[in-house]
Colleague: 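Handing you this structure, nothing more for now.
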Amino acid sequence: MSTVLKFLSILVLVLVVSDATNGQGLKLGFYKKTCPDAESIVRKTTALFVSQNPTLSAALLRMHFHDCFVKGCDGSVLINSTSSNQAEKSAPPNLSLRGFGVIDAIKDALEQKCPGVVSCADILSLAARDAVAAIKGPYWKVTTGRRDGRISTTLNALTNLPPGSADISSLKATFASKGLSSVDLAVLSGAHTIGVSFCSSFTNRLYNFTGKGDSDPTLDSEYVPRLKGKCKPNDAVQTAEMDPGSFKTFDSSYYSLVIKRRGLFQSDSALLNDAVTKAYVKRQATKRGSPTFFKDFAKSMEKMNAIEVLTGKAGEIRKHCAFIN
């Protein structure tokens, strides 16, 4: 092979990788001609569900994160397990996901209006944004044109989703592998300003952190008794607010909790162990109500929305989001 051909081969490979990771092929208003009412249907249906149950905002945002971090934003988290395949839904980190009924309702409405046109991946990306906007949170642009993935495995979820026990090194490495920076890590962690967590996700920090019946020293010792009052050892039923007193409001108060060492997860505390993430936490904690958090969150979400997307003729457009065609 000549030097020129080798160079062209490498260039093509670089372009393919770039296309997969940077969201090329997506654009605003992708369905303007093929399904003009698509985004309106997503917005109205999402708003209806959220008005009846505001906690769905956090649930849909979390589902979107869990989708994009596993094989990109391809709707693979929506696929049901079968007798021959354990899908992402069956992975322990995903067993507590909620909001699948919202996505199904949106898909049903779109299939009646424009059958076979709008992907489940785009529905989830739009619904997560619209659910946050419905509780007066930040609003970000969502480019569309994603195709639905056909691969969904428990192993992929376990390998790619950062656990709540992750330290700062593994968090930064995971985000970097998705094209996201340390600042994006600090910003997107701010999603913990809404929603609740099952006690089982963090009680190891309260009762037996090192196997000696102790609590995590990075957790405020005065906060531990309060959490113990809500969560007993091995409690798999009760939940705790991630941002107490403000868990239904999208604001920057999460960062004040982190500074006080009162974040529920080790991954929250880990933000104080890196110069870049700690600086961001301190800045937001100092300027409570600062509009920069909303702008930063929108910017980071737009980056996350484009992770390893399938476009063009890749993947498929599922007829039902829970089943591969």
Side-chain angles (χ1 to χ4, degrees), residues 17 20-21 58-100 103 120-121 124-125 128 146 148-180 182 184-185 188-189 191-192 195-205 208-209 211 216 234-237 239-240 242 263-271 273 300 303-310 315 318 321-324:
V17 171
T21 56
L60 289 168
L61 183 58
R62 181 172 180 244
M63 187 192 297
H64 183 35
F65 280 133
H66 283 224
D67 182 42
C68 291
F69 269 74
V70 184
K71 294 190 68 64
C73 310
D74 66 348
S76 55
V77 75
L78 304 169
I79 297 172
N80 283 351
S81 293
T82 65
S83 58
S84 60
N85 178 66
Q86 289 295 296
E88 291 171 35
K89 271 185 183 180
S90 298
N94 288 334
L95 294 176
S96 57
L97 290 181
R98 297 185 300 117
F100 294 105
I103 303 301
C120 298
L124 180 52
S125 294
R146 293 166 192 77
D148 294 324
R150 296 173 54 84
I151 299 172
S152 180
T153 68
T154 296
L155 181 60
N156 280 338
L158 290 173
T159 304
N160 288 277
L161 290 174
S165 59
D167 61 24
I168 192 62
S169 296
S170 63
L171 286 169
K172 287 173 65 176
T174 298
F175 272 66
S177 72
K178 309 300 178 185
L180 300 173
S182 294
D184 294 319
L185 165 60
L188 294 176
S189 293
H192 289 172
V196 299
S197 169
F198 280 103
C199 291
S200 55
S201 297
F202 62 87
T203 46
N204 69 302
R205 302 186 74 195
N208 197 27
F209 189 66
D216 184 349
N234 305 313
D235 189 335
V237 178
T239 60
M242 290 193 287
L264 282 187
F265 310 113
Q266 288 168 257
S267 59
D268 295 324
S269 299
L271 297 178
N273 296 330
S300 291
K303 287 176 67 176
M304 193 193 80
N305 271 332
I307 294 174
E308 299 169 22
V309 293
L310 301 174
R318 269 181 245 140
C321 293
F323 305 99
I324 297 169

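Position 1 is the first residue of the sequence, and the numbers go up from there.
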Colleague: Show the nearest heavy-atom pair for residues Ala157 and Ala91, with the distance to one decimal.
Modeller: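 In terms of heavy atoms, the two residues are closest at CB-CB, 3.6 Å.
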Colleague: Name the residue from Ser83, Ser84, Ser90 that meets the side chain to side chain contact (heavy atoms under 4.5 Å, CB included) definition with Gln86.
Modeller: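 Of the listed residues Ser83, Ser84, Ser90, the side chain to side chain contact (heavy atoms under 4.5 Å, CB included) partner of Gln86 is Ser90.
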Colleague: As an exercise, state the distance from CG of Asp74 to CG of Leu124, rounded to the nearest 0.5 Å.
Modeller: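 Taking CG in Asp74 and CG in Leu124, the distance rounds to 10.0 Å.
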Colleague: What are the two closest non-hydrogen atoms of Asp184 and Ser300, and how far apart are they?
Modeller: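 So the two residues come closest at OD1-OG, 2.7 Å.
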Colleague: For the CZ atom of Arg205 and the OG atom of Ser165, what is their distance to the nearest 0.5 Å?
Modeller: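 That separation rounds to 10.0 Å.
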Colleague: Run the side chain to side chain donor-acceptor pair (under 3.5 Å) test against Ser200 and tell me which residues pass, sequence neighbours left out.
Modeller: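 With sequence neighbours excluded, Ser200 shows a side chain to side chain donor-acceptor pair (under 3.5 Å) to no residue whatsoever.
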Colleague: Is there a side-chain contact between Val77 and Val70, using heavy atoms and a 4.5 Å cut-off?
Modeller: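 When only atoms from C-beta onward are counted, Val70 and Val77 do not touch, as no gap falls below 4.5 Å.
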Colleague: Under the rule for salt bridge (Lys or Arg N to Asp or Glu O under 4.0 Å), what residues qualify as partners of Arg150, not counting sequence neighbours?
Modeller: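 With sequence neighbours excluded, Arg150 shows a salt bridge (Lys or Arg N to Asp or Glu O under 4.0 Å) to Glu316, given in chain and number order.
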Colleague: Would Asp167 and Ser170 count as having a side-chain donor-acceptor pair, cut-off 3.5 Å?
Modeller: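 Checked: Asp167/Ser170 side chains pair up, N/O donor to acceptor below 3.5 Å.
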Colleague: Quick one: which of Lys71, Glu88, Lys178 gives a side-chain hydrogen bond (donor to acceptor under 3.5 Å, both in side chains) with Asn160?
Modeller: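 For Asn160, the side-chain hydrogen bond (donor to acceptor under 3.5 Å, both in side chains) test succeeds with only one of Lys71, Glu88, Lys178, which is Lys178.
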Colleague: Under the rule for ring pair (Phe, Tyr, Trp, His ring centres under 6.0 Å), what residues qualify as partners of His64, not counting sequence neighbours?
Modeller: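 So His64 forms no ring pair (Phe, Tyr, Trp, His ring centres under 6.0 Å) with any residue.
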Colleague: Who are the side chain to side chain contact (heavy atoms under 4.5 Å, CB included) partners of Lys89, not counting sequence neighbours?
Modeller: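 Once residues adjacent in sequence are excluded, the partners of Lys89 under the side chain to side chain contact (heavy atoms under 4.5 Å, CB included) criterion are Asn80, Phe100, Ala322.
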Colleague: Sub-3.5 Å donor-acceptor pair from the side chain of Asp148 to the main-chain atoms of Cys120, do we have one?
Modeller: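 Such a contact is found between Asp148 side chain and Cys120 backbone.
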Colleague: Please round to the nearest 0.5 Å and tell me the distance separating atom CG of Asn204 and atom SG of Cys199.
Modeller: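 One gets 12.0 Å once the value is rounded to the nearest 0.5 Å.
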Colleague: Would you confirm whether Arg318, through its side chain, and Gly149, through its main-chain N or O, come within 3.5 Å as a donor-acceptor pair?
Modeller: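 Checked: pair present.
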Colleague: State, to 0.1 Å, how close His192 and Met242 come at their nearest heavy-atom pair, and which atoms those are.
Modeller: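 In this case the closest contact between His192 and Met242 is O-CB, 3.3 Å.
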Colleague: Distance-only, no hydrogens or angles: does the Thr154 side chain make a donor-acceptor pair with backbone N or O of Ala87 under 3.5 Å?
Modeller: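 Judged by distance alone, yes, a pair lies under 3.5 Å.
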Colleague: Can you give me the closest heavy-atom contact between Arg62 and Ser96, atom names plus distance?
Modeller: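 In this case the closest contact between Arg62 and Ser96 is NH1-OG, 3.0 Å.
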Colleague: So, using ring pair (Phe, Tyr, Trp, His ring centres under 6.0 Å) as the criterion, who are the partners of Phe202 when residues are at least two apart?
Modeller: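 For Phe202 there are no ring pair (Phe, Tyr, Trp, His ring centres under 6.0 Å) partners, ignoring immediate neighbours.
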Colleague: Show your working on side-chain contact (heavy atoms from CB on, under 4.5 Å) between Leu264 and Ser201 and close with a plain yes or no.
Modeller: CA-CA 9 Å; Leu264 282 187; Ser201 297; over 6 Å; no
Colleague: Is a side-chain donor or acceptor of Asp67 paired with a backbone partner of Ser76 at a separation under 3.5 angstrom?
Modeller: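 Checking the backbone N and O of Ser76 against the side chain of Asp67, a donor-acceptor pair under 3.5 Å is found.
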Colleague: Considering all heavy atoms of both residues, which atom of Gly99 and which atom of Met63 are nearest to each other, and what is their separation?
Modeller: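 Looks like C-CE, 3.6 Å.
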Colleague: Return the set of residues passing ring pair (Phe, Tyr, Trp, His ring centres under 6.0 Å) with Phe198 (not counting sequence neighbours), or none when no residue passes.
Modeller: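 Applying ring pair (Phe, Tyr, Trp, His ring centres under 6.0 Å) to Phe198 gives none.
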Colleague: Does the pair Ile103 and Leu60 meet the rule for a side-chain contact (heavy atoms from CB on, under 4.5 Å), with working shown?
Modeller: CA-CA 9 Å; Ile103 303 301; Leu60 289 168; 4.1 Å; yes
Colleague: Rounded to the nearest 0.5 Å, what separates atom CG in Leu78 from atom SG in Cys321?
Modeller: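 If we round to the nearest 0.5 Å, Leu78:CG and Cys321:SG are 5.5 Å apart.
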Colleague: If you round to the nearest 0.5 Å, how far is OG of Ser269 from CG of Asp216?
Modeller: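 That separation rounds to 6.0 Å.
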Colleague: Testing the basics here: between Ala191 and Phe65, what is the closest heavy-atom pair and its distance to 0.1 Å?
Modeller: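 Ala191 and Phe65 have their closest heavy atoms at CB-CE1, 3.6 Å.
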Colleague: Can you check side-chain contact (heavy atoms from CB on, under 4.5 Å) on Leu180 and Thr174, steps first, answer last?
Modeller: CA-CA 9 Å; Leu180 300 173; Thr174 298; over 6 Å; no
Colleague: Any side-chain heavy atom of Leu185 sitting closer than 4.5 Å to one from Ile168?
Modeller: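 Yes, their side chains come closer than 4.5 Å.
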Colleague: How about Thr82 and Asn85: does a side-chain donor come under 3.5 Å of a side-chain acceptor?
Modeller: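 No.
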Colleague: Are the side chain of Arg146 and the backbone N or O of Gly75 linked by a donor-acceptor pair below 3.5 Å?
Modeller: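 No.
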